[in-house]
Amino acid sequence: MAWQSYELDRVAQKLVLSARERDPKSLNQSHKMRMSVAYGLERFWGEHLRLQGKKLEDQNKSKYWKATWDAFCDVMENVDITLPKDAVAAEDTKKIQDISTRLWALPVEDQRVAIAVLTQLCDCIVWWTQRYKIGRLADESDS
C-alpha cells in the first residue's frame with residue numbers, strides 16, 4: 001500500500017478549532033492525546049470515558065477526545081478498517097468491555113496501520129494547537 005495523507009492535517013485543524021470554540025483550555029489535551037497513542041487504541045479510546053465528569057471543563061475535554069476518536073474512525077473507514085465509535089457512558093461496564101474486545105480483536109496489521117495513522121493525526125493536532133492557542137494559554141505553552 002502506498003503512502004496516504006488521509007487529509008489528516010485538515011481533520012486535525014477542524015478538531016482543534018472545534019475544541020477551541022467549546023473551551024480553549026481543552027486544547028491542553030492535545031499533547032496528552034499524542035502521548036497516549038503509545039499505549040494502544042483501547043486506552044486512547046477509553047480516555048474520553050475518564051473525563052466524563054461532572055465539571056463542565058472535564059466534559060469539554062471528554063468531547064475533544066471523543067471527537068478525535070470519531071474523526072480517526074472516519075479516516076480509517078477509507079482504508080476499510082472499521083473501528084467502534086459507539087457512544088458509551090462511563091458507567092456502562094458491559095459496553096466498555098465490548099468495545100475493548102472489538103479493538104483487541106483487530107488483526108495485527110490493522111492495529112499497526114491504525115496506530116500509525118493515529119500517531120500522525122495527533123502530531124497534526126499538536127501542530128495546530130500550538131498555532132491556535134489563545135492569549136495566556138499560548139504564553140504558558142511557549143515557556
Side-chain angles (χ1 to χ4, degrees), residues 1 3-107 110-143:
M1 172 181 265
W3 181 83
Q4 275 282 350
S5 76
Y6 303 106
E7 295 193 2
L8 296 179
D9 209 36
R10 290 181 189 189
V11 171
Q13 182 188 37
K14 184 177 176 183
L15 287 164
V16 170
L17 289 173
S18 294
R20 185 175 94 158
E21 191 68 26
R22 268 191 310 276
D23 177 9
K25 290 180 184 176
S26 67
L27 292 181
N28 292 328
Q29 295 298 301
S30 299
H31 291 84
K32 294 176 184 177
M33 286 180 194
R34 177 57 183 92
M35 289 174 25
S36 74
V37 172
Y39 295 105
L41 296 174
E42 62 286 343
R43 291 188 183 182
F44 188 97
W45 168 81
E47 189 62 15
H48 82 281
L49 299 173
R50 184 183 70 79
L51 295 165
Q52 284 181 0
K54 302 249 186 252
K55 296 188 312 186
L56 179 59
E57 185 176 325
D58 287 343
Q59 291 171 13
N60 285 329
K61 291 175 186 176
S62 177
K63 288 177 185 174
Y64 189 20
W65 280 85
K66 181 66 167 110
T68 299
W69 177 261
D70 289 350
F72 165 63
C73 291
D74 292 343
V75 168
M76 296 314 299
E77 281 287 322
N78 294 327
V79 291
D80 296 323
I81 296 175
T82 303
L83 300 169
K85 12 188 285 196
D86 315 38
V88 179
E91 301 81 22
D92 192 346
T93 304
K94 186 174 177 2
K95 187 73 170 176
I96 291 169
Q97 184 58 55
D98 175 58
I99 300 271
S100 295
T101 300
R102 288 164 54 193
L103 290 170
W104 289 326
L106 286 171
D110 288 355
Q111 289 179 31
R112 288 181 183 151
V113 170
I115 289 291
V117 172
L118 183 57
T119 299
Q120 186 59 42
L121 175 60
C122 288
D123 285 348
C124 293
I125 288 171
V126 167
W127 194 91
W128 285 112
T129 295
Q130 292 170 338
R131 271 97 195 131
Y132 289 151
K133 277 194 169 181
I134 302 171
R136 184 169 168 215
L137 289 172
D139 294 338
E140 290 172 0
S141 69
D142 289 340
S143 54

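All values derive from a computational prediction rather than experimental measurement. For the single chain, residues carry numbers from 1 onward in sequence order.
- Going from atom CD of E91 over to atom CD of Q52 covers 7.0 Å, rounded to the nearest 0.5 Å.
- Y132 and W128 have parallel rings, their planes meeting at less than 30° on a 0 to 90° scale where 60° marks the start of perpendicular.
- Using a 4.0 Å cut-off between charged side-chain N and carboxylate O, D23 and K63 make no salt bridge.
- Across all their heavy atoms, A71 and V11 have their closest contact at CB-CG1, 3.7 Å.
- Partners of R112 under the side-chain contact (heavy atoms from CB on, under 4.5 Å) rule, at least two apart in sequence or in another chain, are V108, E109.
- Contact check for K25 versus N60: no side-chain heavy atoms found under the 4.5 Å cut-off.
- Distance check, rounded to the nearest 0.5 Å: CG of L121 to CE of M76 gives 10.5 Å.
- Between C73 and P84 the shortest heavy-atom distance is SG-O, 3.7 Å.
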**Request:** For side chain to side chain contact (heavy atoms under 4.5 Å, CB included), just list the numbers for W65 and R50, CA-CA rounded to whole Å, side-chain angles, deciding distance to a tenth of an Å, and then say yes or no.
**Result:** CA-CA 10 Å; W65 280 85; R50 184 183 70 79; over 6 Å; no

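- A salt bridge is defined here as a Lys NZ or Arg NE, NH1 or NH2 lying under 4.0 Å from an Asp or Glu carboxylate O, and E57 with K61 meets this definition.
- Atom CG of D123 sits about 11.5 Å away from atom OG of S30, to the nearest 0.5 Å.
- Nearest heavy-atom pair across C122 and F44 is SG-CE1, 3.8 Å.
- For the pair L56 and Q59, the minimum side-chain heavy-atom distance is below 4.5 Å.
- For the 3.5 Å distance criterion, the side chains of T93 and Q97 fail to qualify, holding no donor opposite an acceptor.
- The two residues T119 and R34 have their closest heavy-atom pair at CG2-NH2, 3.2 Å.
- The side chain to side chain contact (heavy atoms under 4.5 Å, CB included) test with V113 is passed by exactly one of I81, L118, L106: I81.
- One finds the CG atom of L17 at 11.0 Å from the CZ atom of R22 (value rounded to the nearest 0.5 Å).
- Side-chain atoms of W45 and I96, non-hydrogen and from C-beta on, do get closer than 4.5 Å to each other.
- Atoms OG and NE2, on S36 and H31 in that order, are 13.0 Å from each other to the nearest 0.5 Å.
- Listed for the S62 side chain is no donor-acceptor partner under 3.5 Å among the backbone atoms of D58.
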**Request:** List the steps and the verdict of side chain to side chain contact (heavy atoms under 4.5 Å, CB included) for Q29 and L51.
**Result:** CA-CA 11 Å; Q29 295 298 301; L51 295 165; 3.8 Å; yes

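- Across all their heavy atoms, K95 and D86 have their closest contact at NZ-OD2, 2.9 Å.
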**Item:** Residues T82, E77; criterion side chain to side chain contact (heavy atoms under 4.5 Å, CB included); working and verdict
**Value:** CA-CA 6 Å; T82 303; E77 281 287 322; 3.2 Å; yes

**Message:** Run W127 and V16 through side chain to side chain contact (heavy atoms under 4.5 Å, CB included) and show every step you take.
**Reply:** CA-CA 10 Å; W127 194 91; V16 170; over 6 Å; no

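- D98 has no carboxylate O lying under 4.0 Å from a charged side-chain N of K94, or vice versa, which leaves the two without a salt bridge.
- Between atom OG1 of residue T68 and atom CE of residue M33 there is a gap of 3.5 Å, rounded to the nearest 0.5 Å.
- In terms of heavy-atom proximity, L41 sits nearest to W69 at O-CZ3, 3.8 Å.
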